[in-house]
*Asks:* 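What follows is a single structure, and I will ask about it in a moment.
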Amino acid sequence: MTSVAAPGASRVTVAGLTFRNPVVLASGTAGFGQELEDVLDLSAVGGISTKAVSVAPRPGNPALRVSEFAGGMMNAIGLANPGLEAVRRDYLPWLPAHHPDTRVFVNVVGNSIEDFATVVRGLDDAPGVDAFELNVSCPNVKAGGLEFGADPQALHALVSSARAATARPIFVKLSPTLGAAIADTARVAVDAGATGLTLVNTMPGTVIDTDRRRPKLSFGSGGVSGPALLPVGLLATWRVSRALPTVPLIGLGGISTGDDAVQYLMAGATLVGVGTAALRDPRAPERIVRQLQRWCDREGVRDITSLIGTLQWPT
């Protein structure tokens with residue numbers, strides 16, 4: 001498999017970590033990396049956010065878990081994962097052994113504040129773990145995230161607890177349902193010890209099977225991702241970058257082209273996450289990296305970080 005070149009102009013340093021380019025694979029769409037080895041070159045992207053990890057194994061929701069619609073995809077996976085011990089033993093060692101320069105964010109979920117700290121503590125010294133991403137805003141489980149991201153006190157306690165368990169960078173993944181309040185919520189997370197933020201998680205929604213007069217997903221509702229989420233993620237990224245200009249952000253939601261990635265960088269993102277596009281086309285992340293580089297070459301951009309936060313908002 002041919003790797004995409006990583007010119008110096010594409011390299012970024014975020015939270016003390018060097019990424020060969022700003023494109024990272026979004027949690028839930030790339031497993032733990034090994035699952036994609038035959039279809040995607042993990043040495044072509046800057047990093048990967050792993051599948052969610054909880055203390056105990058989670059079976060997730062029953063089928064049907066995924067459904068496409070005109071604007072993208074709905075999913076209600078339910079954070080299915082093999083649990084902390086199995087992830088540490090059987091899943092995490094593969095990436096550093098095969099792609100040591102691809103940065104690894106471990107996505108963390110839990111049913112309680114203590115669960116998040118337990119997972120972080122349990123994986124803090126695992127080989128290849130570069131940072132943690134706390135999923136405090138999952139719309140497709142009955143417990144495990146949404147209440148933490150929507151409650152400032154709970155969020156502060158959760159992030160503080162995780163921070164006490166590691167010296168590694170911690171990113172907090174926030175929900176687009178926070179609207180204009182997302183900047184205030186982001187500040188709570190940073191004040192509690194978060195290094196950076198991931199913006200945004202999926203948007204709650206539903207799709208209906210009109211023949212059966214029932215939701216297509218077995219859970220009823222799920223998380224909306226794909227192109228429909230692009231404007232929502234961009235606005236959230238802009239709002240938070242204006243409020244917290246020195247805090248690193250992973251812009252996420254609806255990125256399927258290099259131009260989409262450029263938009264997020266201009267809105268203030270430091271890294272850009274690709275999810276649904278990679279599920280539809282596993283070659284999409286490599287293509288986005290190439291398109292991003294071509295855009296920089298065409299515009300005479302020698303350092304991609306010079307794009308960050310350059311959006312000129314109407315006065």
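We use all heavy atoms of the structure for the numbers below, so side chains are in, but hydrogens, waters and symmetry mates are not.
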*Asks:* Roughly how far, to the nearest 0.5 Å, is CG of Asp211 from CZ of Arg213?
*Replies:*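 Going from the CZ atom of Arg213 to the CG atom of Asp211 covers 9.5 Å.
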*Asks:* Rounded to the nearest 0.5 Å, what separates atom CH2 in Trp295 from atom CD1 in Ile288?
*Replies:*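 Trp295 atom CH2 to Ile288 atom CD1 measures 15.5 Å (nearest 0.5 Å).
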*Asks:* Between Val66 and Met73, is there a side-chain heavy-atom distance shorter than 4.5 Å?
*Replies:*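 Side chain of Met73 against side chain of Val66, heavy atoms only: contact under 4.5 Å found.
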*Asks:* Can you establish whether the number of heavy atoms outside Arg214 located under 6.0 Å from its atom CZ is more than 12?
*Replies:*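 Open.
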*Asks:* Measure across Ala284 and Ala277 and return the closest heavy-atom pair with its distance rounded to 0.1 Å.
*Replies:*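 Closest heavy-atom pair between Ala284 and Ala277: CB-O, 3.6 Å.
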*Asks:* Examine distances only and state if a side-chain atom of Thr50 and a backbone atom of Asn107 form a donor-acceptor pair shorter than 3.5 Å.
*Replies:*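 Yes.
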*Asks:* Just verifying a value: how many Å separate Asp303 CG and Arg11 CZ, rounded to the nearest 0.5 Å?
*Replies:*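 Going from CG on Asp303 over to CZ on Arg11, the span is 12.5 Å.
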*Asks:* Looking at every heavy atom in both Phe69 and Met74, which two are closest together, and how far apart are they?
*Replies:*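 The answer is CD2-CG, 4.0 Å.
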*Asks:* Start with the C-alpha distance between Thr257 and Gln291, add both sets of side-chain angles, then the distance that settles side chain to side chain donor-acceptor pair (under 3.5 Å), and finish with yes or no.
*Replies:* CA-CA 7 Å; Thr257 69; Gln291 290 173 342; 4.9 Å; no
*Asks:* Just one of Thr305, Thr270, Leu292 clears the side chain to side chain contact (heavy atoms under 4.5 Å, CB included) bar with Leu265, so which one?
*Replies:*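 Going through Thr305, Thr270, Leu292 one by one, the side chain to side chain contact (heavy atoms under 4.5 Å, CB included) with Leu265 is satisfied by Leu292 alone.
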*Asks:* Please report the interatomic distance CG(Leu217) to OG(Ser67), rounded to the nearest 0.5 Å.
*Replies:*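 It comes to 5.5 Å.
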*Asks:* Between Thr202 and Gly223, which heavy-atom pair has the shortest distance, and what is it?
*Replies:*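 Of all heavy-atom pairs spanning Thr202 and Gly223, the closest is OG1-CA, 3.4 Å.
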*Asks:* Return the orientation label for the Phe19 and Phe105 ring planes: parallel under 30°, perpendicular over 60°, tilted otherwise.
*Replies:*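 Ring orientation of Phe19 relative to Phe105: parallel.
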*Asks:* Are side-chain heavy atoms of Ile48 and Val104 found at a separation under 4.5 Å?
*Replies:*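 Ile48 reaches Val104 side chain to side chain.
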*Asks:* Do Asn135 and Ser27 make a side-chain contact, defined as non-hydrogen atoms from C-beta onward lying under 4.5 Å apart?
*Replies:*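 A side-chain contact is absent here, since even the closest heavy-atom pair is not under 4.5 Å.
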*Asks:* Is a salt bridge present between Asp184 and Arg187, judged by a nitrogen-to-oxygen distance below 4.0 Å?
*Replies:*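 Judged by the 4.0 Å cut-off on N to carboxylate O distance, Asp184 and Arg187 do form a salt bridge.
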*Asks:* For the backbone of Ile182 and the side chain of Arg239, can you confirm whether one donor and one acceptor N or O come within less than 3.5 Å of each other?
*Replies:*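 No.
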*Asks:* Give the C-alpha distance, both sets of side-chain angles, the deciding distance and a yes or no for side chain to side chain contact (heavy atoms under 4.5 Å, CB included) between Leu279 and Glu68.
*Replies:* CA-CA 11 Å; Leu279 290 177; Glu68 291 189 277; over 6 Å; no
*Asks:* In this structure, which one of Arg103, Lys173, Glu133 forms a side-chain hydrogen bond (donor to acceptor under 3.5 Å, both in side chains) with Ser49?
*Replies:*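 Among Arg103, Lys173, Glu133, the one meeting side-chain hydrogen bond (donor to acceptor under 3.5 Å, both in side chains) with Ser49 is Glu133.
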*Asks:* Apply side chain to side chain donor-acceptor pair (under 3.5 Å) to the pair Thr195 and Arg163, showing each step before the final yes or no.
*Replies:* CA-CA 9 Å; Thr195 312; Arg163 171 47 68 209; 3.1 Å; yes
*Asks:* Taking NZ, NE, NH1 and NH2 as the nitrogens, is one of them in Lys51 or Glu35 under 4.0 Å from a carboxylate oxygen of the other?
*Replies:*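 Judged by the 4.0 Å cut-off on N to carboxylate O distance, Lys51 and Glu35 do not form a salt bridge.
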*Asks:* Linking I/L/V/M/F/W/Y whenever their side-chain heavy atoms sit closer than 4.5 Å, directly or via other members, would Val39 and Phe32 fall into one cluster?
*Replies:*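 Looking at the clustering, Phe32 is in the same group as Val39.
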*Asks:* Transitively linked via ILVMFWY side-chain contacts under 4.5 Å: Val224 with Val200?
*Replies:*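 Per the 4.5 Å side-chain linkage, Val224 and Val200 are co-clustered.
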*Asks:* So, the side chain of Arg290 versus the backbone of Gly258: is there a donor-acceptor pair under 3.5 Å, distance only?
*Replies:*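 Checking the backbone N and O of Gly258 against the side chain of Arg290, no donor-acceptor pair under 3.5 Å is found.
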*Asks:* Would you mind reporting whether Asp124 and Phe132 have side-chain heavy atoms less than 4.5 Å apart?
*Replies:*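 Contact flag for Phe132/Asp124 side chains = yes.
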*Asks:* Taking the side chain as every heavy atom from C-beta outward, state whether Pro285 and Leu25 have any atom pair closer than 4.5 Å.
*Replies:*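 Heavy-atom side-chain distance check passes, below 4.5 Å.
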*Asks:* Among Glu286, Arg20, His99, which one satisfies side-chain hydrogen bond (donor to acceptor under 3.5 Å, both in side chains) with Ser43?
*Replies:*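 Result: among Glu286, Arg20, His99, His99 is the only option passing the side-chain hydrogen bond (donor to acceptor under 3.5 Å, both in side chains) with Ser43.
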*Asks:* From Ser225 OG over to Leu230 CG, what is the distance, rounded to the nearest 0.5 angstrom?
*Replies:*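 Those atoms lie 12.5 Å apart.
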*Asks:* Under a 4.5 Å side-chain heavy-atom rule over Ile, Leu, Val, Met, Phe, Trp and Tyr, are Trp94 and Leu84 clustered together?
*Replies:*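 Both belong to a single hydrophobic cluster.
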*Asks:* With Pro248 as reference, evaluate Leu197, Thr198, Val14 under the side chain to side chain contact (heavy atoms under 4.5 Å, CB included) test and give the passing residue.
*Replies:*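 It is Val14; the other options fail the test.
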*Asks:* Just by modelled atom types, is the Ser137 backbone N or O under 3.5 Å from a matching donor or acceptor in the Asn201 side chain?
*Replies:*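 Yes; at least one donor-acceptor contact below 3.5 Å.
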*Asks:* Could you walk me through whether Thr177 and Met203 pass the side chain to side chain contact (heavy atoms under 4.5 Å, CB included) test, one step at a time?
*Replies:* CA-CA 7 Å; Thr177 61; Met203 173 77 78; 3.8 Å; yes
*Asks:* Within this structure, what is the CG-NE2 distance for the pair Leu158 and His156, rounded to the nearest 0.5 Å?
*Replies:*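 Leu158 CG to His156 NE2: 11.5 Å, rounded to 0.5 Å.
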*Asks:* Can you find a heavy atom in the side chain of Asp90 that is under 4.5 Å from one in the side chain of Pro82?
*Replies:*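 Not in contact.
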*Asks:* Do Val87 and Val119 have side chains that approach each other closer than 4.5 Å (heavy atoms only, starting at C-beta)?
*Replies:*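 Result no, sub-4.5 Å side-chain heavy-atom pair not found.
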*Asks:* Under 3.5 Å, is there a donor-acceptor pair between the side chain of Tyr264 and the main chain of Leu252?
*Replies:*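 Pair found, side chain donor or acceptor close to backbone of Leu252.
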*Asks:* Heavy atoms only: give me the nearest Val159-Ala189 pair and the separation to one decimal.
*Replies:*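 Distance-wise, the nearest heavy atoms are CG1-O, 3.6 Å.
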*Asks:* Please give me the minimum heavy-atom distance between Val53 and Leu123, naming the atom from each residue.
*Replies:*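 Where Val53 meets Leu123 most closely, the heavy atoms are CG1-CD1, 4.3 Å.
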*Asks:* Test side chain to side chain contact (heavy atoms under 4.5 Å, CB included) on Leu79 and Ser54 and set out the steps.
*Replies:* CA-CA 8 Å; Leu79 303 176; Ser54 55; over 6 Å; no
*Asks:* Inspect the surroundings of CD in Gln153 and state if more than 12 heavy atoms from other residues, nucleotides or ligands are less than 6.0 Å away.
*Replies:*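 Check fails, neighbour count at 12 or below.
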*Asks:* Does any part of the side chain of Leu174, heavy atoms only, come nearer than 4.5 Å to the side chain of Val136, both counted from C-beta?
*Replies:*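 A side-chain contact under 4.5 Å exists here.
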*Asks:* What's the verdict on side chain to side chain contact (heavy atoms under 4.5 Å, CB included) for Thr276 and Leu229, showing C-alpha distance, side-chain angles and the deciding distance?
*Replies:* CA-CA 10 Å; Thr276 300; Leu229 199 58; over 6 Å; no
*Asks:* Using every non-hydrogen atom in the two residues, find where Val301 and Ser306 come nearest and quote the distance to one decimal.
*Replies:*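 For Val301 versus Ser306, the nearest heavy atoms are CG1-OG, 3.7 Å.
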*Asks:* Hey, any chance Val207 and Leu64 share a hydrophobic cluster, counting ILVMFWY side chains that come within less than 4.5 Å of each other, even indirectly?
*Replies:*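 No: no chain of side-chain contacts under 4.5 Å links Val207 to Leu64.
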*Asks:* Can you label the angle between the Phe148 ring and the Phe116 ring as parallel, tilted or perpendicular, going by 30° and 60°?
*Replies:*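 Rings of Phe148 and Phe116: perpendicular, over 60°.
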*Asks:* Run Ser218 and Asn61 through side chain to side chain donor-acceptor pair (under 3.5 Å) and show every step you take.
*Replies:* CA-CA 8 Å; Ser218 65; Asn61 294 324; over 6 Å; no
